Amino acid sequence: MNKTLTGLIFLMLAFGFWSSLTIGLSSDEYFHHINGLARYKFLISLGEIQKFEFRNNQFYPGLYDTILYAFGQVIFYINKDFYVGNIDIVMHAVNVLFSTASILGLYLLTKKIYDKRIALIASLLVLLNPFFFGQMGINPKDTIIFFGFIWSCYYFYLYCTENNNSFKNLILFAIFFGFGCGVRLTFVVVIFPVIIIGLYFLFKKFESNYLYLLKRLFLHIPIVFFISVFLVILCWPHIIVEINNGDLFVFLSEVIEKTINWNDGPLIGLLNGNFYEVFNTPKNYFLIVAIYRLPFYFSFLIIASYFLFFFKKLNKTQEIQSYNQKFFLINSIAFFPILLALVLGVNIYDNLRLFLFIIPLFCVIAALSFDYLLKTFKDTLIKKIFLTSVIILFSLSFYRFILLTPYQYTYVNFTYPSFNKSVDKFEQDYWGTSYKELVNDLKEKYSKEEVQKFKIADCFGGDSTLLYYLNKNFGVKKLYNIDERPLRAT
């Protein structure tokens with residue numbers, strides 16, 4: 001069984017690479033590319049090039065944007081023509097490598113906490129999740145947040161539970177923690193319950209020697225702090241300016257406030273056919289998305305895991321130490337961002353994109369019941385029927401999953417048997433990645449000269465993406481937006 005699961009994981013990873021290299025640039029990628037360019041030039045000039053202001057980039061630490069741009073520059077120096085003509089492929093290849101590394105981190109952590117088969121099932125379920133899979137290559141933020149999150153959790157778990165290599169695990173935790181904060185400063189809030197849980201277990205572990213633990217933490221906490229701060233500041237010239245001006249804390253509080261209630265996104269969202277004001281996101285947002293967008297088989301497995309847990313069935317076959325405690329802690333970490341968003345009234349849009357990093361945690365929860373069913377389905381007729389139902393629902397979901405390639409992130413479940421009926425119900429291509437396919441279709445209908453005579457406008461917000469593909473394929477130099485001010489190619 002483990003070999004089969006491993007083979008399926010590698011097949012899905014290969015499919016993920018292909019889809020990521022096929023799909024077009026997302027609407028946010030232009031911003032993050034220019035942000036990375038500005039930070040990269042600032043770094044390599046040792047601060048001499050001060051042209052780092054771009055739109056609202058002062059709210060982004062920009063660490064991953066700079067890393068991504070630096071990777072691109074390596075390809076640029078190797079083959080300039082390839083990079084210029086295939087910048088989308090280069091960026092998506094790097095993104096999908098980080099996404100793959102994050103799944104490896106999930107596997108290693110789940111294997112430590114539970115066992116190898118549950119870890120393999122959870123990893124496969126992540127790759128089968130249309131929202132995570134569909135954004136592996138195109139999302140330069142949320143999948144990257146999960147990368148920092150899962151590796152931080154892994155090394156912090158090792159630091160708290162293992163006696164050997166504690167300093168190495170501390171340093172690696174600090175690096176990944178700093179990496180996450182360097183992508184989005186509110187990462188520190190996301191990982192807060194993990195830190196609290198870890199400290200609790202440390203105090204339990206050293207309850208007979210608190211003095212030793214306090215000395216250890218007194219030495220180790222500053223190390224984590226300084227490594228994290230260094231990574232946050234490294235590619236964030238704005239914060240260096242604020243430090244010099246003496247306005248650091250005012251600036252940081254503004255960044256956190258803006259991040260929680262982001263006002264530069266869409267003002268209006270669409271949720272099951274109903275428009276809503278993003279700054280007044282409905283409290284049942286997550287419930288509606290779960291009902292109408294999550295694959296049925298995935299929802300069934302999660303519900304089954306809770307049912308089996310409350311009726312004390314799960315651990316009878318798995319014999320995992322401290323099973324109930326681990327189940328409770330994983331749920332606490334998974335639900336914490338959701339509850340915090342509801343309490344703080346966070347602006348939410350783009351379906352589950354902003355909470356992409358918690359989907360793998362729910363995959364672990366779903367993996368528990370699926371593993372139980374695989375072990376016990378021969379016991380009773382009810383278990384055989386349930387497992388068969390899950391397989392049938394999975395087949396239907398996977399069929400739609402394949403049909404949507406490479407736009408899996410637009411997935412809507414079979415509450416809408418016909419996918420076309422869901423078009424006006426939810427935000428579909430909120431990333432604007434289909435511009436690449438649209439421009440390729442233009443080549444089949446119009447000549448280069450005809451397209452150059454068109455006045456093409458974009459009302460979506462992905463004008464830079466559209467212009468890139470029009471310029472690449474037709475030599476189009478500018479677009480017209482709704483107030484007729486042209487956006488020119490550079």
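Predicted, not measured: the structure shown is a model, and the values here were computed from it. In this chain, residues are counted from 1 in sequence order. The analysis underlying the following values was restricted to heavy atoms, covering all of them including side chains, and did not include hydrogens, waters or symmetry mates.
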Between atom [atom1] of [X] and atom [atom2] of [Y], what is the distance when rounded to the nearest 0.5 Å?
X	Y	atom1	atom2	value
Ile23	Trp18	CD1	CH2	10.5 Å
Ile365	Ile302	CD1	CD1	6.5 Å
Leu124	Leu5	CG	CG	6.5 Å
Ile233	Leu63	CD1	CG	12.0 Å
Ile89	Ile75	CD1	CD1	11.5 Å
Ile223	Ile171	CD1	CD1	5.5 Å

Any side-chain to backbone donor/acceptor pair from [X] onto [Y]? Under 3.5 Å, distance only.
X	Y	result
Asn95	Gly137	yes
Ser26	Ile138	yes
Asn471	Lys477	no
Thr405	Ile402	yes
Asp371	Ala367	no
Asn139	Asp142	yes
Asn440	Lys436	yes
Lys326	Ile113	yes
Thr186	Val189	no
Arg39	Asp65	no

How about NZ on Lys472, more than 12 heavy atoms from neighbouring residues, nucleotides or ligands closer than 6.0 Å, or not?
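Yes, the 6.0 Å shell around NZ holds more than 12 heavy atoms from other groups.
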If you count heavy atoms of other groups shown closer than 6.0 angstrom to CZ of Phe336, is the number above 12?
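Yes, the 6.0 Å shell around CZ holds more than 12 heavy atoms from other groups.
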Looking at the rings of [X] and [Y], which for Trp means the six-membered one, are their centres under 6.0 Å apart?
X	Y	answer
Phe156	Phe176	no
Tyr159	His220	yes
Tyr469	Tyr435	no
Tyr297	Phe394	yes
Phe335	Phe362	yes
Phe133	Phe15	yes
Tyr64	Phe98	yes

What are the two closest non-hydrogen atoms of [X] and [Y], and how far apart are they?
X	Y	value
Val90	Phe82	CG2-CE2, 4.0 Å
Phe298	Asn129	CE2-ND2, 4.5 Å
Leu109	Cys153	CD2-CB, 3.8 Å
Gly432	Tyr409	N-OH, 4.3 Å
Pro337	Ile358	CG-CG2, 3.8 Å
Cys235	Thr66	CB-OG1, 3.4 Å

Taking it one step at a time, do Ile145 and Leu356 satisfy side-chain contact (heavy atoms from CB on, under 4.5 Å)?
CA-CA 9 Å; Ile145 285 291; Leu356 207 65; over 6 Å; no
Can you tell me if Asn2 and Lys116 form a side-chain donor-acceptor pair at under 3.5 Å?
no
Find out whether [X] and [Y] are in side-chain contact, i.e. whether some heavy atom of one side chain is under 4.5 Å from a heavy atom of the other.
X	Y	value
Thr410	Phe419	yes
Thr433	Thr465	no
Phe370	Ile118	no
Leu125	Ile121	yes
His238	Asn57	yes
Leu158	Leu172	no
Met91	Pro140	no
Trp236	Tyr60	no

Under 6.0 Å from the six-membered ring centre of Phe426 and within 45° of its axis: does the NZ or CZ of Arg293 meet both?
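Yes; both conditions hold, so Arg293 lies above the ring face of Phe426.
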Do the side chains of Asp28 and Lys141 get close enough for a salt bridge, i.e. N-O under 4.0 angstrom?
yes
The single option from Leu352, Val412, Val289, Ile359 that satisfies side chain to side chain contact (heavy atoms under 4.5 Å, CB included) with Leu294 is Leu352
CA sep, side-chain torsions, deciding dist, call: Phe454, Tyr446, ring-ring contact (aromatic ring centres under 6.0 Å, His included):
CA-CA 11 Å; Phe454 295 159; Tyr446 303 99; 5.3 Å; yes
Determine whether Gln135 and Ser99 satisfy the following criterion, side-chain contact (heavy atoms from CB on, under 4.5 Å), listing intermediate values before the conclusion.
CA-CA 9 Å; Gln135 300 187 57; Ser99 297; over 6 Å; no
Ring-plane angle category for [X] and [Y], please: parallel below 30°, perpendicular beyond 60°, tilted otherwise.
X	Y	answer
Trp151	Tyr154	perpendicular
Tyr69	His33	tilted
Phe76	Tyr83	perpendicular

Dump the intermediate steps for side chain to side chain donor-acceptor pair (under 3.5 Å) on Thr281 and Tyr349, then the final yes or no.
CA-CA 8 Å; Thr281 301; Tyr349 51 92; over 6 Å; no
Under the salt bridge (charged side-chain N to carboxylate O under 4.0 Å, His left out) rule, what do Lys168 and Glu162 come out as? Steps first, then yes or no, please.
CA-CA 11 Å; Lys168 182 193 80 171; Glu162 297 189 359; over 6 Å; no
Please test Glu29 against His92 for side-chain contact (heavy atoms from CB on, under 4.5 Å), starting from the C-alpha separation and ending with a verdict.
CA-CA 10 Å; Glu29 287 186 275; His92 292 175; 2.9 Å; yes
List the steps and the verdict of side-chain contact (heavy atoms from CB on, under 4.5 Å) for Ile87 and Tyr468.
CA-CA 10 Å; Ile87 192 171; Tyr468 170 76; 3.2 Å; yes
